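Just so we're on the same page: letters track the sequence lines, and every chain starts at 1. It should be emphasised that the depicted structure is a prediction, and the values quoted were computed from it without experimental measurement.
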Protein chains: 2
Amino acid sequence: MSGISDVAKLAGVGKATASRALTGRGYVSEPTKVRVEEAARTLGYVPSTSAVSLATGRTQNIGVLMPYVTRWFFAEVLEGIQAALIERGLDLTLYDANPTSAGRRQIFEHYLARKRFDGLIAVGLEPELEELPLLMAIGKPVVGVVGEGSETSVIEIDDHNAARRATDHLITLGHRRIAFVGGGAEDFWAHVDRRRLEGYRQAMATAGLAHEAAHTPSRISLPGGYAAAVDLLGTSEGRPTAVVAVCDEVAVGAIIAARRLGISVPADLSVVGIDDHEYAETFALTTLEQKPRQQGVKAVELLMSEIADPSRPPVHITLQPRLIVRASTAPPRGMGSVIRTDSTFDA
Amino acid sequence: MSGISDVAKLAGVGKATASRALTGRGYVSEPTKVRVEEAARTLGYVPSTSAVSLATGRTQNIGVLMPYVTRWFFAEVLEGIQAALIERGLDLTLYDANPTSAGRRQIFEHYLARKRFDGLIAVGLEPELEELPLLMAIGKPVVGVVGEGSETSVIEIDDHNAARRATDHLITLGHRRIAFVGGGAEDFWAHVDRRRLEGYRQAMATAGLAHEAAHTPSRISLPGGYAAAVDLLGTSEGRPTAVVAVCDEVAVGAIIAARRLGISVPADLSVVGIDDHEYAETFALTTLEQKPRQQGVKAVELLMSEIADPSRPPVHITLQPRLIVRASTAPPRGMGSVIRTDSTFDA
DNA sequence: CTCGGTTCAGGAACCGATTCCAGATCAATG
DNA sequence: CATTGATCTGGAATCGGTTCCTGAACCGAG
């Protein structure tokens with residue numbers, strides 16, 4: 001209710017001085033500064049954000065664009081971003097735009113054009129969509145979390161290597177028939193999905209193994225993993241002894257499906273995931289840990305430095321997930337004596 | 001880049017006329033209106049939100065306060081809110097403040113005081129926290145989704161009745177030893193948790209059954225449900241024949257735990273949840289469906305009408321969840337002939 | 001004592017819209 | 001034909017801050 005003029009009046013100074021005292025910019029003598037602060041406090045003065053934005057051109061607000069918030073990864077990233085922004089006193093405007101929804105086009109055309117933010121974090125942008133140029137066109141710093149884009153900074157994990165190491169872990173244990181569960185993602189994971197599949201294939205090829213009827217199409221979720229695993233493990237002949245899942249939720253779905261089918265994990269089937277999801281520990285899931293929350297925090301840091309210095313060239317940060325070995329992986333039956341060389345060491 | 005003055009100049013009119021033409025308020029002749037719109041289009045004019053806010057006092061922005069974003073319920077509500085806001089051309093500023101985090105106090109003191117929004121949706125506010133008065137103090141319309149507060153509008157499901165009906169469903173099937181899994185929530189679900197527990201107790205009492213060693217403390221999540229069920233079902237003597245779970249994730253955790261213990265669902269143990277979570281179908285879970293996404297949409301509708309008419313008295317909307325019977329519930333062993341009277345009818 | 005540089009203060013312009021108000025035009029009415 | 005009321009327009013004030021710029025006071029150095 002009370003504006004800076006009221007504060008100035010109460011403190012017995014001019015508007016300009018009051019502003020300087022409160023923002024800390026420019027010369028103000030210590031005693032007057034104290035008087036102004038005192039006045040502001042007694043009046044409960046809170047600067048109007050719109051007035052500040054209008055005058056300074058800074059909104060003190062960061063936009064976050066993501067296709068879902070209901071998926072583990074995205075929600076975790078979002079929480080990381082939020083936490084990092086709060087520390088810095090910045091607001092967060094969410095643009096949750098499912099790619100298939102009609103609202104998405106609107107978001108790009110109307111919302112983002114409003115530039116209600118000093119910078120944007122785009123999570124999970126798929127490259128084939130011609131949306132990146134639109135993002136660049138708004139003329140504000142953009143940082144991506146997962147997703148293509150050489151013109152913007154991007155932070156992501158090394159999907160290829162993650163899947164490769166997951167597969168290598170199984171190969172080292174002695175497995176030969178290893179399937180990949182995932183793939184065929186029709187949704188926003190398509191890109192990540194493909195890279196992980198490729199990592200799996202390469203590991204298999206390097207070991208001279210056939211990446212047999214590897215991947216089973218499925219929704220990237222626990223039910224999807226369940227359904228895919230039921231298909232994959234249904235017939236007992238030629239059944240794989242191990243499975244690389246595209247992510248932990250799918251892996252857990254696969255474990256549950258296996259148990260339902262009477263297949264014991266890890267005795268009859270080893271399962272490895274990627275994520276280190278909240279569920280991983282309960283299911284004793286061996287996995288490659290990515291920390292989405294920290295990716296969110298890191299994205300904010302990147303964005304901050306780009307806002308501070310817009311000429312800064314974009315950087316591409318690739319994180320290496322850490323292998324966490326739990327009890328969902330073991331040597332295949334009859335190979336109990338294989339020496340586990342990889343153990344929990346971080347490669 | 002180009003402001004309304006440029007548009008006005010190009011169209012050959014005054015700023016005032018240009019503004020009227022574009023906002024549609026006040027008198028403007030059709031031809032000039034067309035000229036202004038044309039000019040705006042060729043210049044790619046987008047009004048500055050801060051200037052508009054400053055002049056009108058409206059931010060075109062809605063704040064959403066929630067304790068987590070990583071929980072199913074909250075994420076779903078959030079998506080519902082977002083979808084409803086996009087339709088209306090409004091932005092969404094997220095205040096994701098974990099109650100235990102240090103940032104939460106800051107949110108209340110700094111962020112909300114900034115009033116960067118025309119209205120606020122608070123999801124899952126617990127009553128014992130003395131935060132409601134703070135929310136009311138900001139002087140903007142507030143709508144709650146779940147949570148106490150007679151001074152603000154609230155939309156929520158009838159937790160008591162939901163748990164009651166879940167329990168009745170089991171009683172009707174012939175179960176006598178029914179346990180409640182959940183309770184003891186140390187986190188933000190405490191309130192909901194308590195009401196559901198109470199509903200369960202009342203149903204048991206009404207049927208003349210003892211609400212025996214009913215609830216097991218657990219985190220409100222799948223791993224929590226798993227752990228609680230392992231405790232509960234560990235000993236075979238006096239084991240319940242049915243379980244009411246505080247929510248679907250816990251229910252699924254319980255199902256998985258039961259199977260691991262060699263307890264067949266529903267033959268040896270019936271399980272009913274509350275939510276109709278994404279996982280419910282995969283686990284054939286009988287549950288009471290609440291639609292968080294629609295609650296979010298509804299909250300936006302409520303908020304809109306309160307913004308339009310601030311004198312509107314707060315309303316309290318209580319939704320009745322629908323019973324969805326799947327295969328996780330059945331008569332207890334030896335009572336296969338019990339007539340299932342409740343079936344899928346909506347009570 | 002004067003000069004130059006630093007510190008301090010406030011008036012005024014500005015950010016980019018909306019809106020009040022006064023004046024002009026125009027059609028309809030008595 | 002004069003009057004009224006509705007329609008149309010643009011100049012100016014306003015929203016609530018920040019910042020430029022000018023002027024005064026103060027300081028130590030020459």
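Listed nucleotides C:dA17, D:dG17, C:dG10 differ in distance to A:V13; the shortest reach to its side chain belongs to C:dG10. Listed nucleotides D:dG17, C:dC15, C:dA17 differ in distance to A:P47; the shortest reach to its side chain belongs to D:dG17. You'll find that the side chain of B:L54 is closest to C:dG16, out of C:dT19, C:dG11, C:dG16.
Taking the ring centre of B:Y111 as origin, the terminal cationic atom of B:R114 falls inside the region bounded by 6.0 Å and 45° from the ring axis.
Residue contacts for B:S53: at a heavy-atom cut-off of 4.0 Å it reaches no nucleic acid atom on any strand shown. Using a 4.0 Å heavy-atom distance criterion, B:T17 is classed as a base contact. In this structure, B:S29 reaches the sugar-phosphate backbone alone: every heavy-atom distance under 4.0 Å involves primed, P, OP1 or OP2 atoms, never a base.
Looking at B:E38 and B:R35, no side-chain N of the basic residue comes within less than 4.0 Å of a carboxylate O on the acidic one, giving no salt bridge.
Under 4.0 angstrom from either OP1 or OP2 of D:dG16 there lies no side-chain N or O belonging to A:Y45. Dashed line: the shortest gap from a side-chain N or O of B:Y27 to OP1 or OP2 of D:dT7 is under 4.0 Å. Here A:R20 does not reach the OP1 or OP2 of C:dC8: none of its side-chain N or O atoms lies under 4.0 Å away. The side chain of A:T32 places an N or O atom within less than 4.0 Å of a non-bridging phosphate oxygen (OP1 or OP2) of C:dA9. Taking 4.0 angstrom as the limit, B:S19 places a side-chain polar atom (N or O) nearer than this to OP1 or OP2 of C:dT18.
Ranked by how close their nearest DNA chain C nucleotide is to the 5' end, B:G3 and A:K33 are led by A:K33. Each of B:T56 and B:V28 was matched to the nucleotide of DNA chain D holding its nearest heavy atom; the match closer to the 5' end belongs to B:V28.
Between the P atom of C:dC8 and the CZ atom of A:R35 lies a distance of 13 Å, rounded to the nearest Å. Between the CZ atom of B:R58 and the P atom of C:dT19 there is a distance of 11 Å, given to the nearest Å. In this structure, B:I4 atom CD1 and D:dA12 atom P are separated by 18 Å, rounded to whole Å. Counting to the nearest Å, the C1' atom of D:dG16 and the CG atom of A:L43 are 15 Å from each other. In this structure, CZ of A:R25 is placed 10 Å from C1' of D:dT19, rounded to the nearest angstrom. Here C:dG16 presents its C1' atom at 13 Å from NZ of B:K9, a figure rounded to the nearest Å. In this structure, B:D6 atom CG and C:dC15 atom P are separated by 11 Å, rounded to whole Å. As rounded to whole Å, 13 Å separates atom P of D:dG10 from atom CG of B:L22.
No more than 12 heavy atoms of other residues, nucleotides or ligands shown are found within 6.0 angstrom of CZ on B:R58.
Between B:R116 atom CZ and B:S50 atom OG the span is 9.0 Å, to the nearest 0.5 Å. Separation of atoms CG (A:L135) and NZ (A:K140) is listed at 14.0 Å; rounding is to 0.5 Å.
Not counting sequence neighbours, the partners of A:F73 by the ring-ring contact (aromatic ring centres under 6.0 Å, His included) test are A:W189.
Contact annotation: side chain of B:K15 to base of D:dG10, donor-acceptor pair absent below 3.5 Å.
Direction change of the helix axis from one end of the helix from C:dC1-D:dG30 to C:dG30-D:dC1 to the other is 50°, with five pairs defining each end axis (rounded to 10°).
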Start with the C-alpha gap between B:V300 and B:M304, add the side-chain angles, then the distance that decides, and say whether side chain to side chain contact (heavy atoms under 4.5 Å, CB included) holds. CA-CA 6 Å; B:V300 170; B:M304 289 303 118; 4.2 Å; yes
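No donor-acceptor distance shorter than 3.5 angstrom exists from the side chain of B:T17 to the backbone of B:V13, with no hydrogens or angles considered.
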